[in-house]
Amino acid sequence: MYTFKKEERLCSHKLLEKLFHSRSSFLLYPFRVVWLKEPLLVPAQVVISVPKRKFKRAVDRNLLKRRIREAYRLNKGDILYPFLQDNNSQILLSLTYVGKEIEEFEFLEKRLKAALVRLTELCNG
RNA sequence: ACAGCAAGCCGUUCUAUCGCUCCGCUAACAGCGGAGAGGAAAGUCCGGGCAACACAGAGCAUCCUGCUUCCUAACGGGAAGGCCCGCCCACUGGCGGGACGGAAAGUGCCACAGAAAAUAUACCGUCUGUCCGCCAACUGGCGGACGGAUAAGGGUGAAAACGCGAGGUAAGAGCUCACGGCUUUAUAUGGCGACAUAUAUUGCGGUAAACCCCAGGAGUUGAAAGGCCAAAUAGGUUCCGUUGCCGGUAGCGAAAGCCAUGGGGAGAGUUGCUCGCUCUCUGCUCCCGACAUCUGUUGGGACGAACGGAAUGGGUAGGCCGUUAGAUUGUGCCAGCAAUGGCAUGGCCAGAUAAAUGAUAGAAGCUUCCGGGUUUGCCCGGGAGAACAGAACCCGGCUUACAGGCUUGCUUUUUUU
RNA sequence: UGCCCGAUAGUAUAAAGGUAGUACGACGGUUUUUGGUACCGUUUGUCUAGGUUCGAAUCCUGGUCGGGCAA
């Protein structure tokens with residue numbers, strides 16, 4: 001269950017265009033979350049991005065993306081996937097890091113859990 | 001021993017759990033096994049490979065490089081050397097630095113200050129001629145006016161007409177001479193050469209990271225290059241420009257008819273420009289006027305058509321190859337002062353593509369702080385830290401960033417012998 | 001990833017190698033009962049480190065930051 005394969009990553013250019021034109025998003029520091037319901041083969045496809053404008057060096061961006069990816073991998077099975085299976089729906093998801101500093105893994109994991117909970121509430125409403 | 005500087009090298013390791021990318025095996029999306037960032041992967045500053053396009057050739061322009069010899073696939077890189085500059089200094093050395101061709105081809109510039117910044121237009125001075133005045137009466141002195149000679153002195157400036165001494169002169173001046181500095185040319189000697197030394201000779205402001213001259217070099221564009229497959233579109237619309245020539249002639253043919261080469265014109269390519277070169281096109285219809293006259297000439301216009309150019313619109317937004325092993329590297333021997341080269345023998349499988357190499361926990365070693373013990377070597381307990389930085393077609397360099405450690409060399413201080 | 005440009009006061013924009021300007025803004029003063037307008041004055045700058053030069057915003061080299069173009 002704690003996997004994160006290629007199928008769960010959002011790589012299609014078309015779907016990305018569709019997602020970022022959907023305008024259904026919310027901000028939960030340090031994440032900006034954009035989401036869209038879309039029929040897929042897997043429960044969710046996610047794209048993680050850290051802006052180059054805020055973190056100039058590739059090392060810092062890679063570090064943050066790895067930490068966020070790890071937090072998502074460990075927590076999607078507890079929160080997001082059971083909800084999606086109950087409602088029989090699939091979702092496109094974008095996690096953009098908007099913080100100004102490099103946060104520790106524990107903080108990122110805590111906030112990501114909160115973001116996923118918020119996401120399930122918004123999907124229902 | 002400590003500290004500093006320079007050069008070179010290294011730049012954490014191991015285990016567990018959960019994952020990521022690629023490869024292999026198996027019927028399998030599951031399992032097992034294997035591999036998985038750097039000295040700079042960075043900046044993109046040079047050079048090359050590779051690829052596409054272009055290429056008869058010539059001239060002009062543009063850009064780059066700039067002491068010599070060597071190394072190298074090549075270089076703006078490296079090695080050795082020459083010359084110049086600075087520091088330590090006093091030994092005929094050491095260390096550090098240098099975009100280091102030409103100012104005697106030409107042009108330009110040198111603010112302010114200063115008389116003058118380059119063909120010396122002479123401010124104060126110095127010397128002197130003529131005239132006038134005064135003192136005065138030796139062949140004189142002083143002042144004024146108008147001329148002439150003079151770059152030695154003054155002050156200015158970043159820089160003042162090579163420095164200094166003697167001769168010379170009315171006073172002066174490389175004007176002449178000796179010594180010295182730099183420089184041109186020639187000869188001799190040494191060196192492959194840059195260059196050095198000696199003799200003779202020519203001269204003497206700076207600036208070429210000002211234009212420029214000389215010598216050498218550069219085709220352009222970069223993997224989003226380029227090739228293949230799949231999918232999609234079914235060649236749309238608008239605007240602009242050109243095209244009716246010599247001639248339906250020569251020629252061929254019995255005739256019907258076929259119909260050039262070449263020239264002229266237009267366009268395109270040659271991707272900085274020009275010449276030159278190469279390629280393509282030069283076909284048809286209608287209307288009006290004039291001339292001639294019974295189907296032509298000429299001028300104007302229209303129409304599509306063809307060609308060329310520009311804009312706009314529409315579609316696709318996937319995969320594979322290129323693409324990871326070579327100008328590679330450790331060790332030894334040989335050649336060479338060295339960079340480097342040759343031979344022998346081992347080692348080296350990252351290949352992602354919204355872009356993998358991670359997260360958590362523990363241990364060891366390193367550095368450092370606190371507390372305790374101590375034989376001042378260190379030991380025990382606890383806490384903290386670990387740099388710069390992430391492959392993107394591949395190499396060779398350069399530049400920049402870098403906690404800590406190791407080795408070598410030099411210097412300073414202290415202690416011991 | 002590859003290639004190519006640029007950087008001047010808070011903002012915009014000038015300056016042939018020779019005293020860094022101009023406009024708007026900010027601040028202070030005068031005028032006004034107060035505010036505005038007007039007038040006067042002040043402040044703040046050549047991205048950074050070297051080099052060439054007597055002298056650098058300008059010329060050259062390295063770095064930093066910003067921007068652009070490429071199926």
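Only a predicted model underlies this, so the values are computations on that prediction, with no experimental measurement involved. Below, chain A is the first sequence line, B the second, and so on; all start at residue 1.
Taking atom P in both B/rC275 and B/rG267, the straight-line distance is 13 Å, to the nearest Å. For the P atoms, the distance from B/rA37 to B/rU15 is 15 Å, rounded to whole Å. B/rA40 and B/rU416 have their P atoms separated by 47 Å, given to the nearest Å. B/rA361 and B/rA386 are spaced 15 Å apart, taking the P atom of each and rounding to whole Å. A gap of 28 Å separates the C1' atoms of B/rG390 and B/rA363, to the nearest Å. Distance check on atom P: B/rA186 versus B/rG276 gives 46 Å, rounded to whole Å. For the P atom pair drawn from B/rG382 and B/rU408, the interatomic distance equals 38 Å after rounding to whole Å. When the P atom is compared between B/rC211 and B/rG181, the two are found 35 Å apart, to the nearest whole Å.
Taking atom CD1 of A/Ile68 as the reference point, atom P of B/rU360 lies 14 Å away to the nearest angstrom. B/rA356 atom P lies 14 Å from atom CD of A/Glu70, rounded to whole Å. Atom C1' of nucleotide B/rG358 and atom CZ of A/Phe105 are separated by 10 Å, given to the nearest angstrom. Between A/Phe107 atom CZ and B/rA359 atom C1' the separation is 18 Å, expressed in whole Å. For the pair A/Arg73 CZ and B/rU357 P, the computed distance is 11 Å after rounding to whole Å. Between the C1' atom of B/rG19 and the CG atom of A/Leu74 lies a distance of 8 Å, rounded to the nearest Å. In this structure, CG of A/Asp78 is placed 13 Å from C1' of B/rC18, rounded to the nearest angstrom. Following rounding to the nearest Å, A/Lys65 (NZ) and B/rA359 (P) show an atom-to-atom distance of 15 Å.
By the ring pair (Phe, Tyr, Trp, His ring centres under 6.0 Å) test, A/Phe31 pairs with no residue at all, sequence neighbours left out. Remark: A/Glu109 pairs with no residue by the salt bridge (Lys or Arg N to Asp or Glu O under 4.0 Å) rule, at least two apart or across chains.
Across all strands shown, nothing is found opposite B/rG365 as a Watson-Crick or G-U wobble partner with both distances under 3.5 Å. Searching all strands for a Watson-Crick or G-U wobble partner of B/rU407 with both distances below 3.5 Å returns B/rA7. Pair check for B/rA355 finds none; no Watson-Crick or G-U wobble contact set falls under 3.5 Å. Base-pair partner of B/rG267: B/rC279 (Watson-Crick or G-U wobble, both distances under 3.5 Å). Remark: B/rU126 base-pairs with B/rA149; criterion is Watson-Crick or G-U wobble with both hydrogen-bond distances under 3.5 Å. In this structure, B/rA105 makes no Watson-Crick or G-U wobble pair, since no nucleotide meets both defining distances under 3.5 angstrom. Across every strand in view, B/rU376 sits unpaired, with no contact that passes the Watson-Crick or G-U test at under 3.5 angstrom. Across the strands present, B/rG143 finds its partner in B/rC132; the criterion is a Watson-Crick or G-U wobble pair with both atom distances under 3.5 angstrom.
The CD atom of A/Glu106 sits 14.5 Å away from the CZ atom of A/Arg111 when rounded to the nearest 0.5 Å. For the atom pair A/Lys110 NZ and A/Phe105 CZ, the distance stands at 13.5 Å (nearest 0.5 Å). Rounding to the nearest 0.5 Å gives a distance of 9.5 Å between CZ of A/Phe83 and CD of A/Glu121.
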Taking only N/O atoms, report every protein-nucleotides 388-390 of chain B pair under 3.5 Å with atom names and distance.
from    : atom 1 : to      : atom 2 : distance (Å)
B/rA389 : OP2    : A/Arg57 : NH1    : 2.6
B/rG390 : OP2    : A/Val59 : N      : 3.4
B/rG390 : O6     : A/Arg66 : NH1    : 3.4

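C/rG63 takes the anti form, because its glycosidic angle lies more than 90° either side of 0. The glycosidic torsion of B/rG383 lies more than 90° away from 0, which places this base in the anti conformation. Base orientation at B/rA37 is syn, since its O4'-C1' glycosidic dihedral falls within 90° of 0. Glycosidic conformation at B/rG205 (O4'-C1'-N9-C4 for purines, O4'-C1'-N1-C2 for pyrimidines): anti, more than 90° from 0.
Counting only heavy atoms from C-beta outward, the side chains of A/Leu119 and A/Ile91 approach each other to under 4.5 Å. Contact of the A/Val34 side chain with the A/Thr96 side chain is not registered, since no non-hydrogen atoms from C-beta on lie closer than 4.5 Å. The side-chain heavy atoms of A/Leu95 and A/Val46, taken from C-beta on, include a pair separated by under 4.5 Å.
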(request) Carefully, step by step, assess A/Val47 and A/Leu93 under the rule side chain to side chain contact (heavy atoms under 4.5 Å, CB included). (result) CA-CA 6 Å; A/Val47 57; A/Leu93 194 62; over 6 Å; no

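The two residues A/Asn75 and A/Leu116 come nearest to each other via the heavy atoms O-CD1, 4.2 Å. When every heavy atom of A/Ala71 is checked against every heavy atom of A/Leu112, the shortest pair comes out as C-CD2, 3.5 Å.
A close approach under 4.0 Å does not occur between any side-chain nitrogen or oxygen of A/Arg67 and OP1 or OP2 of B/rU360. Side-chain N/O atoms of A/Arg69 include one lying less than 4.0 angstrom from OP1 or OP2 on B/rU357.
A salt bridge between A/Glu70 and A/Arg67 is absent, with no side-chain N of the basic residue lying under 4.0 Å from a carboxylate O of the acidic one.
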(message) In dot-bracket form, 5' to 3', how is RNA chain C paired? Count Watson-Crick and G-U wobble pairs only if both distances fall under 3.5 Å, and write | where the partner sits on another strand.
(response) (((((((..((((....[..)))).(((((.......)))))....(((((..]....)))))))))))).

